[in-house]
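Lettering of chains follows the sequences in order, A, B, ..., and the numbering in each one begins at 1.
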Amino acid sequence: MGLMFPRETKAIIECLLFVSKEPLTLKVMSQVLEMPENEVKVLADELMSEYNNDRRGININLIANGYQMCTRPEMACHIEKLYKPQGTHGLSKAALETLAIVAYKQPITRAEIEAIRGVKVDSAIGTLVEKNLIREVGRKEGPGRPMLFGTTSSFLRYFGLQDLSQLPDPDEFTRRHGGSQEDNPGEETINGEEGEQDGF
Amino acid sequence: MGLMFPRETKAIIECLLFVSKEPLTLKVMSQVLEMPENEVKVLADELMSEYNNDRRGININLIANGYQMCTRPEMACHIEKLYKPQGTHGLSKAALETLAIVAYKQPITRAEIEAIRGVKVDSAIGTLVEKNLIREVGRKEGPGRPMLFGTTSSFLRYFGLQDLSQLPDPDEFTRRHGGSQEDNPGEETINGEEGEQDGF
Amino acid sequence: MAYQIRLEVFEGPFDLLFHLLEKNEVDIYDIPIAKITEQYLEYISAMQMLDLEVASEFLVMAANLLAIKARMLLPKPPAEDEEALEDSDPRDELVEKLLEYKKFKVMAEFFQEKETLMNRVYTRPNEDEMFYHLFREENPLEGIDMSTLLKALQEVLERAVDRDLTGEIPRDEVTTRDKMKEIMRRLFFHNRGIAFKDLFHPRVTKVEVIVTFLALLELIKLGRIRAYQSRAFGEIMIYSRENDTAEA
């Protein structure tokens, strides 16, 4: 096993990604392959660029600190012909705003979120907790010891983010998107290959 | 769409096979792609040989008149490592004792176990059944026809036993390990590799 | 209702204020407070006219706006201290809050874009059960002959302890029919088959071994089970044919 047979090992990684339900971390793969993580990483990254540079139907993306096989976004219309869309209704505006605040300000209390949004956020928080996008991460010291909220790893998966450091810089993003509605053209990538974040 | 863009169409076929749990027939694919079946067949067959001639982790097979992505058979051992149950860590003492009684006295009823242990064993039995270490193996004749419990094949696997006859002779084992602690300071191994059964 | 008003739904007072600022195309650092306050109050009264419940936050903001407006109308303090004058613009606090809110209002768009993208990305619908068939310990060969099966039976008989001799609780006779049912039930829960010797527990009686064996023969004859042995003297595995699927 290992770098002595890189081709076969890459085939195993391919197979593991194919059968996995969730993004596979290097840690898990290195346990299965009985190989050091850094060697697995070399091969997994090679496999990822083979997949992603070739305009194939399947991509490999880095999501929630793991590798995951996904369909290329442009394929959605064909898949939906095969399967009825599951009626994925997105999050409400209130939930998205609340989530944005939690994502950038975590850990944060309900009261602090309410101060920013200017409204009660009980129901938005309820929705987000129920969807396992945020969770209680502790208690704030002080009167009443209020709950502190933070994002979950499902949050990363839901939005296709590799980790929290991938969240765009708010000022930067605002400069590009705020007010003016100029789209950024070009192909959509979730993330992965050259580490560039087209999608932002 | 179609043969004018064979590469993109092949990517779509690849993507459809990826998301489908069942073999996909040419008929279904030609409906999704809005292309004649014979043209789909050319591309699907090309894709299949690309996959299969390359010793990859994934193959495309013709099954029941359809194309299906499958893992290469040799990969089974790696998939097993990924999906195999994690084992049972931390059986309580009550569960462990109950398990020992069932192992040596099977088939045995709940009341008989309780007579030996002198306490109720419902929750211990619940745990053991849930962890698939024991199961109902029949009913005892007589009033109420109580359930009889016996060990499962998972039980054998967890303890690294070939079969139940490999269970050590209780008297023998007691003579060597019981009472005096000299043989076996600290950690108790039931049998098999040491360390493995720490948690039990 | 004599006339129709298209009321947009706002997430809160800040959201409504932003809408008004945009509509009036005004600079957030120099809000024409009188004008905005007037429009804000119009919106609220429109809501009340439509019997929509006006959340308390909207009313609190209305009061704030009026307070700011009032302070703006007060005569300016003597201009000796320029900096103090700058600092004490009654709108400052509101502007700061609006800017803070706006940051996240915009970032919410980022999450919405990502959400939309991910809604179009599919992963393979894997389930644990899809892989269990790969985990058969053995790779058994079909067509096991009777002599190997008989040999296995002898082994079991040798191991068996005749319970009659131990003088324990007497056991009722097992019938072949009961045993067949039991075997089928056990196989139902074991898609991956049961090892032949696992059909017997160590303290099995001779009678039970024989009955079990007869039951097996009967089930094989009826085509309800299959027996496999991967190699001579290897483990014999029993599989239910009733679990047979389209496995290739």
Original post:
Should we say atom CD of A:E172 is surrounded by more than 12 heavy atoms from elsewhere, each under 6.0 Å from it?
Top reply: yes

Original post:
Would one find more than 12 heavy atoms of other residues, nucleotides or ligands at under 6.0 Å from atom CD of B:E22?
Top reply: no

Subject >> Among the listed options A:D54, A:L24, A:L17, the residue most often paired with chain B at heavy-atom distances under 4.5 Å >> reply: A:D54

Subject >> Residue among B:K10, B:M75, B:M29 with most heavy-atom pairs under 4.5 Å to chain A >> reply: B:M75

**OP:** Specify the closest pair of heavy atoms between A:Y83 and B:K21, including all atoms of both residues, with the distance to one decimal.
**Re:** OH-N, 3.8 Å

Spacing of [atom1] belonging to [X] relative to [atom2] belonging to [Y], to within rounding of 0.5 Å:
X: A:H78; Y: B:E34; atom1: NE2; atom2: CD; value: 9.0 Å
X: A:C15; Y: B:I79; atom1: SG; atom2: CD1; value: 4.0 Å
X: B:L82; Y: A:I12; atom1: CG; atom2: CD1; value: 12.0 Å
X: A:R7; Y: B:R55; atom1: CZ; atom2: CZ; value: 8.5 Å
X: B:T71; Y: A:L16; atom1: OG1; atom2: CG; value: 10.0 Å

Original post:
Given a strict heavy-atom distance threshold of 4.5 Å, which part of B:V19 is in contact with chain A: side chain, backbone, both, or neither?
Top reply: both

Original post:
Heavy-atom distance under 4.5 Å to chain A: side chain of B:M69, backbone, both or neither?
Top reply: both

Original post:
chain B contacts: which residues in residues 107-122 of chain A have a non-hydrogen atom closer than 4.5 Å to it?
Top reply: none

Original post:
Taking NZ, NE, NH1 and NH2 as the nitrogens, is one of them in A:R72 or B:E14 under 4.0 Å from a carboxylate oxygen of the other?
Top reply: no

